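These notes are about the structure you will find just below.
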There are 2 protein chains.
Amino acid sequence: MDLRLLRSYVAVAEELHFSRAALRLHIAQPPLSRQIRRLEEEVGVQLLKRTQRRVTLTDPGRQFLESARAILAQVEASVALVRRMGRGEVGRIAIGMTSSVAFGDALPRLLRRFREGHPGVSISLREMSAGEQMGALRDGRIQVGFMRPPLREAGVSLTPFTREPLVAVLPVEHPLAGRRRIPLKALAGDPFITVPRSEAVGGLDLVLEACLQAGFRPEIAQHAQEIPSVIGYVAAGFGVSLLPQAARRLAHGGVSFVDLSTPRVFIEMAAVCLAGQDAPLLAAFLAEVGGIAARKGRG
Amino acid sequence: MDLRLLRSYVAVAEELHFSRAALRLHIAQPPLSRQIRRLEEEVGVQLLKRTQRRVTLTDPGRQFLESARAILAQVEASVALVRRMGRGEVGRIAIGMTSSVAFGDALPRLLRRFREGHPGVSISLREMSAGEQMGALRDGRIQVGFMRPPLREAGVSLTPFTREPLVAVLPVEHPLAGRRRIPLKALAGDPFITVPRSEAVGGLDLVLEACLQAGFRPEIAQHAQEIPSVIGYVAAGFGVSLLPQAARRLAHGGVSFVDLSTPRVFIEMAAVCLAGQDAPLLAAFLAEVGGIAARKGRG
DNA sequence: CTAGATTGATATCAAGAGGGTATCAATGGA
DNA sequence: TCCATTGATACCCTCTTGATATCAATCTAG
């Protein structure tokens with residue numbers, strides 16, 4: 001059965017007049033008569049009573065009018081919903097992030113901005129390690145992950161998001177605490193506190209690389225699972241650390257944050273998703289990520 | 001949009017395989033591919049992702065699968081309902097009856113029987129005078145009325161239902177009370193209690209005609225609105241009356257019911273509806289009325 | 001690594017559905 | 001009684017729809 005038949009029937013049943021209904025439907029009257037007759041044949045029930053002069057609804061016809069209206073409304077609503085989903089205006093997106101992401105204000109800002117532009121999208125945010133994110137991406141449990149490059153994974157696509165300098169974290173009693181800026185080399189003799197590699201891809205590697213670039217091999221005194229723990233160790237005098245600038249907001253009386261003059265080492269974060277995805281919602285989200293990154297880059 | 005497209009889409013989305021889906025739909029694979037493409041064009045959204053080897057649903061496609069299933073189910077349910085209505089198995093029928101009908105057991109029996117045969121039909125029963133019934137029929141507030149012929153109305157169709165003899169109602173102290181049978185002429189000298197014409201078409205006329213037929217013109221002593229009132233007046237000694245046999249069930253210590261030997265006068269009741277009606281439900285109901293009448297006639 | 005099988009897409013043809021115009025038949029009102 | 005109104009019918013033309021033959025790409029087996 002064609003939905004056109006239902007539309008035609010609703011028009012006739014509302015107008016109770018074939019010619020007027022045909023006018024409303026922008027077709028001629030004879031095809032409309034045929035349509036209605038075909039509909040009645042298909043259903044097997046007389047829906048209209050034509051008395052050569054006046055059209056009235058039968059009881060089943062009255063019932064069918066309501067049904068037809070309901071069906072057409074449902075079809076319209078369904079198509080509209082799917083179209084909105086197709087444009088990425090409606091849907092569901094699950095996002096993974098490493099715990100270190102939570103310290104910046106970039107992701108909250110991104111999400112707030114995206115929600116405003118896509119009020120029909122429900123966002124779920126889950127904290128998980130970079131490794132867990134990769135598994136979740138491949139299983140479809142999340143569609144986007146936020147983690148720090150570089151990635152060794154194949155088959156994923158990467159959208160740069162934030163890029164912020166590493167800063168030195170020193171105990172307040174450290175001789176260099178309170179300086180505006182120091183070269184990394186100045187910390188060559190200090191033991192380092194780091195986040196283990198498995199927890200934040202690139203974290204440990206980045207520190208190692210930075211120190212080697214500065215001309216020394218750091219002594220790793222301690223691994224901490226979370227950034228607040230790192231700061232705790234530093235405050236307790238176990239050593240120094242390098243952390244993303246955003247860690248400054250975790251201000252703590254016992255530590256001092258000092259910019260690095262050379263080398264300036266940047267820690268990056270990117271949105272990661274499976275390559276070959278073309279979900280419009282995902283595209284819209286990544287566009288937002290890219291937009292924020294570009295705006296930051298300019299500023 | 002054709003519902004066939006939805007059926008095809010559901011098949012493909014469930015099988016995730018064009019050839020198998022085509023087999024299930026009893027069409028060849030190429031037209032199915034075209035159908036799905038047309039559906040996608042119509043909706044304007046990619047519903048399936050074909051990777052030359054494997055078909056998967058997109059997010060909007062998954063949503064649309066649910067919608068399509070729901071729409072098809074609703075269409076099927078609607079058509080099934082209308083078909084049942086067309087066969088008179090489901091629907092609503094409003095019936096009017098004069099108060100005098102309520103004294104017989106014929107109508108309750110009829111309704112019980114009809115309900116059993118048509119469990120999906122909801123019946124509403126309203127007590128109204130014959131005149132009110134005619135108005136309600138023409139307004140469509142009821143579809144059937146039960147009243148006593150003859151009718152002077154045009155444009156109505158009449159199905160005989162019951163036919164029962166009039167019996168004489170006498171006060172117990174009346175000389176003829178307690179007889180098995182008397183001729184109507186024996187009441188020539190008694191004052192009569194009757195129901196006014198407006199309340200029950202044919203009631204007064206029938207009594208008048210019976211008496212004239214018996215050779216006398218009755219003295220109308222009193223009008224009563226309801227049959228119990230008639231019996232009350234008789235018991236109080238105001239006079240005698242002629243009532244349908246069914247009034248016997250309103251037994252009252254003060255009155256005596258006596259059969260008439262001659263003339264045997266019958267009071268009839270018929271189901272009345274507008275002429276030219278062809279609602280299947282009404283036809284089924286009238287068939288039941290006719291069936292009961294025929295069975296009674298034989299018995 | 002190559003050959004065959006699998007699977008969806010494309011091209012093309014025949015049949016039928018669907019819309020348009022012209023016209024008819026019946027009814028109701030002036 | 002005549003005319004306007006209204007749904008039905010007849011007929012033509014176009015476009016959709018389904019079938020068949022074939023292609024291109026990919027996965028699998030040896």
Side-chain angles (χ1 to χ4, degrees), chain A residues 1-58 61 64-65 68 72 154-155 275-276 278, chain B residues 1-58 61 64-65 68 72 75 138 154-155 274-278:
Chain A
M1 185 192 308
D2 199 317
L3 290 180
R4 191 176 343 105
L5 292 189
L6 295 189
R7 280 182 234 286
S8 297
Y9 177 70
V10 170
V12 174
E14 283 178 356
E15 300 282 352
L16 291 177
H17 197 290
F18 277 74
S19 303
R20 273 203 302 272
L23 214 62
R24 192 170 120 185
L25 294 165
H26 302 110
I27 63 173
Q29 167 260 317
L32 178 58
S33 292
R34 245 192 344 201
Q35 281 184 16
I36 301 301
R37 195 172 41 208
R38 256 201 49 201
L39 177 65
E40 289 182 324
E41 277 169 19
E42 208 159 328
V43 177
V45 175
Q46 189 179 2
L47 301 172
L48 297 174
K49 209 171 155 188
R50 297 90 149 162
T51 48
Q52 281 290 9
R53 192 68 186 175
R54 158 169 300 112
V55 176
T56 53
L57 290 171
T58 64
F64 194 69
L65 172 58
L72 290 175
D278 54 359
Chain B
M1 183 192 307
D2 200 317
L3 290 180
R4 191 179 342 106
L5 292 189
L6 295 189
R7 280 182 234 286
S8 297
Y9 176 70
V10 169
V12 174
E14 283 179 356
E15 300 282 351
L16 290 177
H17 197 289
F18 277 73
S19 303
R20 273 202 304 272
L23 215 62
R24 190 169 121 186
L25 294 165
H26 303 109
I27 62 174
Q29 168 260 318
L32 178 58
S33 293
R34 245 192 342 200
Q35 281 183 16
I36 301 300
R37 195 172 41 207
R38 256 202 52 198
L39 177 64
E40 288 182 324
E41 277 169 18
E42 208 160 329
V43 177
V45 175
Q46 190 179 2
L47 301 172
L48 297 174
K49 207 169 156 189
R50 295 90 151 165
T51 47
Q52 282 289 10
R53 192 67 186 175
R54 155 169 301 112
V55 176
T56 53
L57 290 171
T58 64
F64 195 69
L65 172 59
L72 291 174
V75 169
R138 300 206 188 277
L274 288 187
Q277 297 276 90
D278 53 359

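All figures in this text were calculated on a predicted structure; none of them were measured in a lab. Residue numbers start from 1 in every chain, and the chains themselves are labelled A, B, ... in the order their sequence lines are given, proteins ahead of strands.
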Starting from [atom2] on [N], measure out to [atom1] on [X] and report it in whole angstrom.
X: B/I27; N: C/dA9; atom1: CD1; atom2: P; answer: 13 Å
X: B/E40; N: C/dG8; atom1: CD; atom2: P; answer: 13 Å
X: B/L32; N: C/dT7; atom1: CG; atom2: P; answer: 14 Å
X: B/I36; N: C/dT7; atom1: CD1; atom2: C1'; answer: 15 Å
X: A/L48; N: D/dT6; atom1: CG; atom2: C1'; answer: 14 Å
X: B/L16; N: C/dT7; atom1: CG; atom2: P; answer: 13 Å
X: B/Q29; N: C/dA11; atom1: CD; atom2: P; answer: 14 Å
X: A/L23; N: C/dG19; atom1: CG; atom2: C1'; answer: 15 Å

Tell me the closest heavy-atom pair linking [X] and [Y], and the distance in Å.
X: A/A22; Y: A/L32; result: N-CD2, 3.4 Å
X: B/R7; Y: B/L25; result: O-CD2, 4.1 Å
X: A/L6; Y: A/A68; result: CD2-CB, 4.2 Å

Minimum-distance nucleotide to [X] side chain [options: [options]]:
X: B/R4; options: C/dA11, D/dG18, D/dG7; answer: D/dG18
X: A/H17; options: D/dG7, C/dA9, C/dT7; answer: D/dG7
X: A/P31; options: C/dG19, D/dA19, C/dT10; answer: C/dG19
X: A/Q35; options: C/dG19, C/dT7, D/dG7; answer: C/dG19
X: B/R34; options: D/dT9, C/dG20, D/dA19; answer: D/dA19
X: A/A28; options: C/dG20, D/dA19, D/dG7; answer: C/dG20

Closest to the 5' end of DNA chain D, once B/P30 and B/R38 are matched to their nearest nucleotides, is B/R38
Hey, which sits more toward the 5' end of DNA chain C by its nearest nucleotide, A/R54 or A/L5?
A/L5
No-hydrogen, no-angle side-chain donor-acceptor test under 3.5 Å, A/S8 and A/Q35
yes
Is the shortest side-chain N/O distance from A/S33 to OP1 or OP2 of D/dG7 below 4.0 Å?
no
Do A/L48 and A/F18 come within less than 4.5 Å of each other through their side chains, counting heavy atoms only?
yes
